[in-house]
Amino acid sequence: MHFSIPEASSYAGSIDGLILLISVLAGACLLVAEVFFFWLIWRFRARDGVRTQYLDGTEPHIKKWISRPHTLILILDVVVIVAAIRVWVNVKQTLPPSDATVRVIGQQWGWVFQHPGADRQLDSADDVYTTDDLYVENLKTYHFQLQSRDVLHSFSVPVFRIKQDAVPGRTITGWFTPIKAGTFDIQCAEICGIGHGVMGGRIHVQDAAEHAAWIAGNTPTVTQ
Amino acid sequence: MATTTVDAHDGHAHAGPKGILGILWSTDHKVIAQLYLWTGMFMALIGGLMAYVFRMQLAFPGKPVPGFGVVSPVEYNALVTNHGTIMIFWVAMPVLIAAFGNFLIPLMIGADDMVFPRINRLSYQVFLLSALIILASLVVEGGGFGGAWTAYPPLSANPQYNLTPLGATLWIIAVALEFVAFLLGGINFIVTLMNARAPGMKAYDIPMVCWMIVLASILFMLSVGPLIAGAVMLLFDQTLGTGFFNPATGGDPILWQHLFWFFGHPEVYVVLLPAVGVTVDIVATFSRRKLFGYRLLLYTAIAIGVLSFFVWAHHQFIAGIDPRMANIFTITTLLISIPVIEMFFVVFATMYGGSIRFTVPMLWALSFLAEFMIGGMTGIYLGSSGADIYLHDTYFVLAHFHYTFFPIAIIGGFAAFTYWFPKMYGKMLDERLGKIHFWGTIVSFNFIFIPLFINGGLGDHRRIFNHQNFPELNTPVFNTLREVATIALVVMLLFQLVFFWNLIKSFRSSAPAPKNPWESNTLEWTADSPPPHGNWPPDQMPVVYRGPYEYGHPDRESDFWPQNVPPAREA
């Protein structure tokens, strides 16, 4: 049993790092709060002859115990906001130059993938079409053009930490760079009807030679 | 300001029809409160049993579920969709806002009834109709709607895609009617609190739970408009063939998401605020402490309400909105943590220096705080755009919002129910059975959702009917944790039998509850248990002399000081 999944894209580590940062900062606050809370329950349990203190929360020397922790929370919020936006801008808001582009089309209930052929150009005669299996080359930066033919779907590759909804009528462009060879899950992450639970695909991250061989072996012979 | 007497008690209810019709046509706020309460509890039972069926399918895929049979994908989607819809709109809202709002507001502010008793009656009648429609939608031809409680189009808008033409239409009609019911009820709460308070009760003498229910009603009224419009558009798309959400005819599916979440996020605070109000009142009473920072808490609640209108798109980070927009919503979302934490500080400070009595309602109130903190903290992950890319639509999200909604609706509901039960029915609940029920529910709750946090963190997606179709999700770790969660759910449902046994036992006992069993200060405890029609004899309507939280006052021998006791009588 292992409690982690591979980090198979160039930015997976940064997303995991952000999650770790939040776990440490927010987790520490939660721990302190829960311990303090249970201490309060124990310390001020009803006992014979002990009378309640009468404070109404307007005295400044008492109020500071509320305002000071707030400053700390605000600082931590800012740290998390900065870290979150940095990751977001890198993954979603910028588009690094690509080595190739693939088209990902969601439909009820499967994935259609359009790969560029040997010419590395999409929408040319040697494009390779597949259903439910996406083949990419390791360590190359890909742009994906995400489309849907019917309802909302979501293109999710957990090992890449990438997820993007597919919206009918739009083409949404994103990117990834695989850093680990192997075969991984593609899961539809947005409910898309009764077949949502079977809408799985696989992504095959291949070495350069392997990928070239795959393209050569699957390029359509009939030219259009 | 507060001296106006509103004659809501016009006597017509006595002359109305008897029996079940008499109850349905009653304008007495306490009768309407109980109708909402028991309807809500019945719906909670339905929602809980739905969870049982789909959790069994998730833990033991393909095997027949005892009492249900083999679950089909259509049934699975309908169950998860309607579990969510019912628990939020037909359980959390009727129990926390409608039932306790109706019962408590007139009693706590010293009024004989709501200002608009007939609107109040209409509110419940529309609500009952909506509940019947949502239940009917589950059994019509084609099955219940299965497009998730968020009902994103085009799936929800087009019968060709969702394959449930009747179920989807009835679903949206039921939801829209439920909104109508709560708009009617909300108007009543707001006007009653403004106009019908007992002589002497100033704005800062109002018990916090009344404030919170009224703030929630205002929040609901301000946020629900766009969604009612959206619901009508969706209904037209489904039935008339319009294309508001259809890209092929120039519509936009993401428009619905904005309309939905513009309401959907404030809705979280619509149900949170009443639960906080209940918790605060119970914690102050059983800590025997004056509420720390009354005004601070009230202003904080208002700040949360205002901020909650500016965070909605954190549900849509990866939905295809302009990625630059995510940055703004990350900032607003994380900033809402400040007023929410402020609320907790206020409650902690109230406990500090107190003398805490561990009654059953107090245990529920304390567990609300302990559990909601986990729900709030895990929200930081999802409000942070960068982390949400990975965690969105996983079981992590699901566990997060169950750690908020379960404390709100179920824990908050039980806290309020066990606290005000003696006033509602004039009987006491058994403390020992109450504690067994409490511990059984709380421990099993954590055993349901902590495993799901882990699964979600490992990438397990929600709403997938059978994980065996995904190699990465069909591992021993995932499957073991799914089984733990499911078994814990069954245990939790079984512990509810203790609650029902406690109710039966209490109803059958002959010992009457004292007028003020918890030694509380607020006005409802000065009425008889249960209060008669009109709440107090007309010549003995209460007059208020002080705030609701005067516990442990140094000048007094007794550690509480009811709001209606004239100062002169004290030595």
Side-chain angles (χ1 to χ4, degrees), chain A residues 1 3 5 15 18-19 22 26 30 33-34 37 40-41 44-46 50-57 66 69-70 73-74 77 80-81 84-85 87-88 91-93 108 150-152 154 156 158 161-165 167-170 172 184-185 187 189-194 196-198 200, chain B residues 73-74 77 147-148 152 154-155 161-163 247 253 288-290 292-293 318-320 323 326-327 330-331 334 337-338 341 345 348 351-357 370 373 377 380-381 384-387 389-390 392-393 458-459 461 463-466 469-472 476-477 551-554 559:
Chain A
M1 304 234 292
F3 282 96
I5 60 170
I15 291 179
L18 174 62
I19 290 174
I22 298 171
L30 178 71
E34 295 278 4
F37 177 64
L40 280 175
I41 293 175
F44 296 105
R45 67 195 185 279
V50 180
R51 225 185 131 92
T52 297
Q53 299 172 22
Y54 187 82
L55 316 157
D56 70 359
I66 287 199
H70 260 164
I73 300 287
L74 183 64
D77 270 352
V80 173
I81 287 170
I85 289 180
V87 171
W88 176 265
V91 177
K92 290 281 185 181
Q93 208 171 304
Q108 285 183 327
D150 36 48
V151 300
L152 300 183
S154 191
S156 174
R161 310 291 187 271
I162 186 66
K163 190 175 293 148
Q164 177 61 53
D165 284 8
V167 183
R170 298 189 189 190
I172 297 168
F184 308 104
D185 266 10
Q187 299 168 0
E190 188 65 66
I191 193 163
C192 58
I194 60 167
H196 174 61
V198 297
Chain B
V74 182
N77 283 1
Y152 285 179
L155 181 64
Y161 296 141
N162 59 45
L163 306 175
R288 316 307 292 165
R289 274 272 285 113
K290 184 173 174 131
F292 184 93
I318 62 152
N327 301 329
T330 294
I331 295 170
L334 288 202
S337 65
I338 304 263
I341 289 168
F345 286 166
F348 289 174
M351 292 163 65
Y352 189 94
S355 175
I356 298 168
R357 299 177 181 175
M373 277 195 274
M377 175 272 194
I380 307 276
Y381 292 90
S384 306
S385 50
I389 301 170
Y390 174 59
H392 189 87
D393 263 321
L458 294 174
H461 284 131
R463 293 167 180 160
I464 288 177
F465 158 69
N466 185 345
N469 298 316
F470 298 89
E472 282 172 17
V477 175
Y551 295 102
H553 197 281
D559 81 337

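Since this is a predicted model, take the numbers as computed values, not measurements. Proteins come first, then strands; the chains are lettered A, B, ... in the order of their sequence lines, and each starts at number 1.
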Asker: Using a 4.5 Å cut-off on heavy atoms from C-beta on, say whether the side chain of B/Leu155 contacts that of A/Glu190.
Answerer: no
Asker: At a 4.5 Å cut-off on heavy atoms, which part of A/Val91 comes close to chain B: side chain, backbone, both, or neither?
Answerer: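 Contact with chain B is through the side chain of A/Val91 alone.
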Asker: Quick check on A/Leu18 against chain B: is it the side chain, the backbone, both or neither that has a heavy atom closer than 4.5 Å?
Answerer: side chain
Asker: Please give me the minimum heavy-atom distance between A/Pro158 and B/His461, naming the atom from each residue.
Answerer: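 In this case the closest contact between A/Pro158 and B/His461 is CG-CE1, 4.3 Å.
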Asker: Between A/Thr52 (side chain only) and B/Arg288 (backbone N and O only), is there a donor and an acceptor less than 3.5 Å apart?
Answerer: yes
Asker: Quick check: do A/His196 and B/Phe465 have side-chain heavy atoms less than 4.5 Å from each other?
Answerer: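 No, side chains not in contact.
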Asker: Would A/Ser156 and B/Asp393 count as having a side-chain donor-acceptor pair, cut-off 3.5 Å?
Answerer: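 Their side chains do not contain a donor-acceptor pair, so the 3.5 Å distance test is not met.
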Asker: Atom CZ of residue position A/Phe37 - does it have more than 12 heavy atoms of other residues, nucleotides or ligands inside 6.0 Å?
Answerer: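 For A/Phe37, atom CZ is crowded (more than 12 foreign heavy atoms under 6.0 Å).
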Asker: Looking at A/Ile162, A/Ile15, A/Leu40, which has the largest count of heavy-atom pairs under 4.5 Å with chain B?
Answerer: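 Between A/Ile162, A/Ile15, A/Leu40, the count favours A/Leu40.
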Asker: Considering only heavy atoms from C-beta outward, does the side chain of B/Pro471 approach that of A/Asp185 to under 4.5 Å?
Answerer: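 Result yes, sub-4.5 Å side-chain heavy-atom pair found.
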Asker: Between atom CD of A/Gln53 and atom NZ of B/Lys290, what is the distance when rounded to the nearest 0.5 Å?
Answerer: 14.5 Å
Asker: Holding to side chain to side chain contact (heavy atoms under 4.5 Å, CB included), I want the full list of residues that pass it with B/Ile356, two or more places apart in sequence or in another chain.
Answerer: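 B/Ile356 satisfies side chain to side chain contact (heavy atoms under 4.5 Å, CB included) with A/Phe44, B/Ser287, B/Met351, B/Phe358, B/Met362 once adjacent residues are dropped.
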Asker: Top residue by heavy-atom pair count (under 4.5 Å) with chain A, among B/Gly386, B/Ala326, B/Ser384, B/Pro554?
Answerer: B/Gly386
Asker: When you measure from the side chain of A/Lys163 to the backbone of B/Tyr390, do you find a donor-acceptor pair of N or O atoms at a distance under 3.5 Å?
Answerer: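 Between the backbone of B/Tyr390 and the side chain of A/Lys163 there is a qualifying donor-acceptor contact (under 3.5 Å).
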Asker: May I ask you to test the B/Asn162-A/Val151 pair for a side-chain heavy-atom distance under 4.5 Å?
Answerer: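 Heavy-atom side-chain distance check fails, nothing below 4.5 Å.
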Asker: Heavy-atom distance under 4.5 Å between the side chains of A/Lys92 and B/Ile389, does that happen here?
Answerer: yes
Asker: Measure from the side-chain N and O atoms of B/Asn469 to the backbone N and O of A/Gly197, and report whether any donor-acceptor pair falls under 3.5 Å.
Answerer: yes
Asker: Taking the side chain as C-beta and beyond, is there a heavy-atom pair between A/Ser154 and B/Ile318 under 4.5 Å?
Answerer: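 A/Ser154 reaches B/Ile318 side chain to side chain.
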Asker: With only heavy atoms counted, which part of A/Arg161 is less than 4.5 Å from chain B, the side chain, the backbone, both or neither?
Answerer: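 For A/Arg161, the contact with chain B is made by backbone and side chain together.
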Asker: What are the two closest heavy atoms between A/Gly169 and B/Pro247, and how far apart are they?
Answerer: CA-CB, 4.0 Å
Asker: Tell me, out of B/Phe470, B/Tyr152, B/Phe348, B/Phe345, who's got the most heavy-atom pairs with chain A below 4.5 Å.
Answerer: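 Counting heavy-atom pairs under 4.5 Å, the top option is B/Phe470.
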Asker: If I compare all heavy atoms of B/Gly459 with all of A/Gln187, which pair ends up nearest, and what's the gap?
Answerer: O-OE1, 3.8 Å
Asker: Quick one: of B/Leu163, B/Ile338, B/Thr330, who has the most non-hydrogen atom pairs under 4.5 Å with chain A?
Answerer: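 That would be B/Ile338.
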Asker: With respect to chain A, which residue among B/Ile380, B/Val74, B/Asp559, B/Leu334 yields the maximal number of heavy-atom pairs within a distance under 4.5 Å?
Answerer: B/Leu334
Asker: Using side-chain contact (heavy atoms from CB on, under 4.5 Å), reason through B/Arg289 and A/Leu55 one step at a time and then give a plain yes or no.
Answerer: CA-CA 8 Å; B/Arg289 274 272 285 113; A/Leu55 316 157; 3.9 Å; yes
Asker: Pick one of side chain, backbone, both or neither for B/Asn466, based on which atoms fall under 4.5 Å of a heavy atom in chain A.
Answerer: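 Contact with chain A involves the backbone of B/Asn466 alone.
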Asker: Over all heavy atoms of both residues, which pair between B/Arg357 and A/Ala46 is shortest? Give the atoms and the distance, please.
Answerer: CG-CB, 4.2 Å
Asker: Locate the shortest heavy-atom distance separating B/Ala148 from A/Ile191; write the atom from each residue and the value.
Answerer: CB-CG2, 3.8 Å
Asker: Looking at B/Pro73, B/Ala319, B/Gly147, which has the largest count of heavy-atom pairs under 4.5 Å with chain A?
Answerer: B/Ala319
Asker: Give the minimum heavy-atom separation between A/Glu34 and B/Ala370, together with the two atoms involved.
Answerer: OE2-O, 2.6 Å
Asker: Check whether A/Gln108 gets within reach of chain B through its side chain, its backbone, both or neither, counting any heavy atom under 4.5 Å.
Answerer: side chain
Asker: Given a strict heavy-atom distance threshold of 4.5 Å, which part of A/Ile172 is in contact with chain B: side chain, backbone, both, or neither?
Answerer: side chain
Asker: Should B/Ser355 and A/Val50 count as side-chain neighbours, where that means a heavy-atom distance under 4.5 Å?
Answerer: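 They are not in side-chain contact.
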